[in-house]
Structures are given as C-alpha cells and as structure tokens.
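As the structure is a prediction and not an experimental result, all values here were calculated from the model.
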Amino acid sequence: VVSTPLPGDGVLYNWDGDWDADHVGLFKAWVDERRGYFKAVEANTSSDDSGSQSNGGGVYMRGVRPGNGDTRHRGQVQCFVRVSR
C-alpha cells in the first residue's frame, strides 16, 4: 500500500464506505494533485459518472474531465497498491 501512486499502481475504490473494495483500476496520472483528481484506466466501468462505476461493461480512461461527469478523486479511494519485485 502506497500513499503516493505512480503510473501503473492499482487503485482500489470504495464507493459505499464499508471498507470492502468495490472496484479496481490502474493509476495513470494526476489531473490536479492538489485537489486530489487523477486519471485511471478501468475495465468493467462506464464512460462517465452517470453509468455503473463497477459493472459498466467497458474499458475507459476515467477522470479525464473532473467535475464534468467524469470524476476520479482521492476521496473515492480505499488505497493505492504497488506490485513489484
């Protein structure tokens, strides 16, 4: 578990606050690190915030337009995970 993610690190999302991860993605880059917005590549999601975030059936770059229907924010994250040797 890492506090500062790098590209390729896992992102575990917790949508409902029960501390069980609801969805996973791969961290791509910060959009606005100071405000906590980032981009991630995710599978089985929808293209924006209006569809299912954890069962949408598509692969998308998410978080490209924070505040405009495509938000990925540090507050949604249970943890960032780095897998390495």
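- Using a 4.5 Å heavy-atom threshold, the side chains of Arg35 and Arg74 count as separate.
- Partners of Asp48 under the side chain to side chain donor-acceptor pair (under 3.5 Å) rule, at least two apart in sequence or in another chain, are Ser50.
- Counting heavy atoms from C-beta on, the side chains of Arg72 and Lys39 never come closer than 4.5 Å.
- Considering Val1, Asp18, Asp22, Asn14 as possible partners of Gln78, the one that fulfils the side-chain contact (heavy atoms from CB on, under 4.5 Å) test is Asn14.
- Residues Val83 and Leu12 share a hydrophobic cluster, clusters being chains of Ile/Leu/Val/Met/Phe/Trp/Tyr side chains in contact below 4.5 Å.
- Contact check for Asp49 versus Arg62: side-chain heavy atoms found under the 4.5 Å cut-off.
- Side-chain contact between Glu42 and Val59 is absent, with no heavy-atom pair separated by less than 4.5 Å.
- Looking only at distances, no side-chain donor or acceptor of Asn68 sits under 3.5 Å from a matching main-chain atom of Arg65.
- When hydrophobic residues (I, L, V, M, F, W, Y) are linked wherever their side-chain heavy atoms come within less than 4.5 Å, the members clustered with Phe38 are Val2, Val11, Tyr13, Trp15, Phe27, Trp30, Val77, Phe80.
- Annotation for Pro5 and Ser3: closest pair CD-O, 3.6 Å, computed over non-hydrogen atoms.
- Annotation for Leu6 and Arg82: closest pair CG-NH2, 3.2 Å, computed over non-hydrogen atoms.
- Under the ring-ring contact (aromatic ring centres under 6.0 Å, His included) criterion, the residue pairs touching residues 55-76 are Tyr37-His73, with sequence neighbours excluded.
- The NE2 atom of His23 lies 7.0 Å from the CG atom of Asn44; values are rounded to the nearest 0.5 Å.
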